[in-house]
Amino acid sequence: MATGGARAGKRRELLRFATVGLAAFVLTLGTNYGLKLTVLQEKPVTALAIATVVATAFAYLLSRRWAFHTRGGRRGLHEATLFFAVNAIAVTINLCPPLISRYVLRLEVPEVSFVAQEIADFVSGMLLGTAAGSAFRWWGYRRWVFPVAGARQASAGRSRSARSASSIRSR
């Protein structure tokens, strides 16, 4: 059973994860529609995939430095590799609803109106896909990428105490 402090820490971590996710969502949304309405009009799923990859790089920086700043347990390159592997799976999960919407349910022009197509794209890709991918990311980050709670706090505390001890000895 988690203590009150541990639960509060987990809630704070979840809130930070959600904030990073919201910022990445806004970036994904802007990039997706920027591409989809210009250079990738005929490739809506490709536009979403590119937008998601751009937002993933952004999310790694914020996740590492802020959302999961106290968690760790991995060396930098290993951690980054795992982060991008978890996100590759999450992107695949994220792309399943719009692929089904467009190519199985045929919710695209000329079968439906342009407005219906865009609503279906938004609901399937930006809402359902993002929710499913985010749930997997939350689990994957805590399980594989940043597995040890308090790892960075402990190492930061040791570094500070080592510097303090060294400065005391040098006096």
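Leu95 and Leu105 are not part of a single hydrophobic cluster, where members link through side-chain heavy atoms under 4.5 Å apart. Under a hydrophobic clustering in which Ile, Leu, Val, Met, Phe, Trp and Tyr are joined whenever their side-chain heavy atoms come within less than 4.5 Å, directly or via other members, Leu29 and Val115 fall into the same cluster. Under the 4.5 Å side-chain heavy-atom criterion for ILVMFWY residues, a single connected hydrophobic cluster contains both Trp139 and Leu14. No continuous path of hydrophobic side-chain contacts links Val45 to Val53 [ILVMFWY only; heavy atoms under 4.5 Å]. Hydrophobic clustering, with ILVMFWY side chains joined whenever heavy atoms are under 4.5 angstrom apart, keeps Val54 apart from Tyr60.
Checking side-chain atoms of Asn87 against main-chain N and O of Thr56 turns up no donor-acceptor pair under 3.5 Å. Between the Thr28 side chain and the Ala24 main chain, a donor and an acceptor come within less than 3.5 Å of each other. For the pair Arg16 (side chain) and Trp66 (backbone), a donor-acceptor distance under 3.5 Å is present. Side-chain atoms of Ser113 do not come within 3.5 Å of backbone N or O of Val109 as any donor-acceptor pair. Formation of a donor-acceptor pair under 3.5 Å by the Asn94 side chain with backbone atoms of Ala90 is not found in this model. A donor-acceptor pair under 3.5 Å is formed between the side chain of Gln41 and the backbone N or O of Leu37.
With salt bridges taken as basic N to acidic carboxylate O contacts below 4.0 Å, one links Glu118 and Lys36. Between Glu13 and Arg11 there is no salt bridge, since none of the side-chain N atoms of the basic residue sits less than 4.0 Å from a carboxylate O of the acidic one.
When all heavy atoms of Phe58 and Ala23 are compared, the pair lying nearest together is CE2-CB, 3.7 Å. Summarising the geometry of Ala51 relative to Asn32, their closest heavy-atom pair is CB-N, 3.4 Å, with the distance given to 0.1 Å. Considering all non-hydrogen atoms of both residues, Val20 and Ala67 come closest at CG2-CB, 4.0 Å.
Between His78 and Leu82 there is a side-chain heavy-atom pair separated by less than 4.5 Å. Counting only heavy atoms from C-beta outward, the side chains of Ile50 and Leu40 approach each other to under 4.5 Å. Looking at Arg102 and Asp121, their side chains come closer than 4.5 Å, going by heavy atoms from C-beta outward. In this structure the side chain of Phe83 never reaches within 4.5 angstrom of the side chain of Phe68, judged on heavy atoms. You'll find the side chain of Val91 reaches within 4.5 Å of the side chain of Arg137, heavy atoms only. Between Val148 and Arg71, the closest side-chain pair of non-hydrogen atoms is not below 4.5 Å.
Atoms CG and CG, on Leu27 and Leu22 in that order, are 11.5 Å from each other to the nearest 0.5 Å. Atom OG of Ser124 is separated from atom CD1 of Ile119 by 11.5 Å, given to the nearest 0.5 angstrom. Between Cys96 atom SG and Leu128 atom CG the span is 11.5 Å, to the nearest 0.5 Å. Rounding to the nearest 0.5 Å places CG of Leu99 at 9.0 Å from CG of Leu48. For the atom pair OG of Ser63 and NE2 of His69, the computed distance is 12.5 Å after rounding to the nearest 0.5 Å. Here the CG-CZ distance, from Leu127 to Phe122, works out to 4.5 Å after rounding to the nearest 0.5 Å.
Taking the six-membered ring where the residue is Trp, Tyr141 and Phe17 present perpendicular rings, their angle passing 60° and hence far from 30°.
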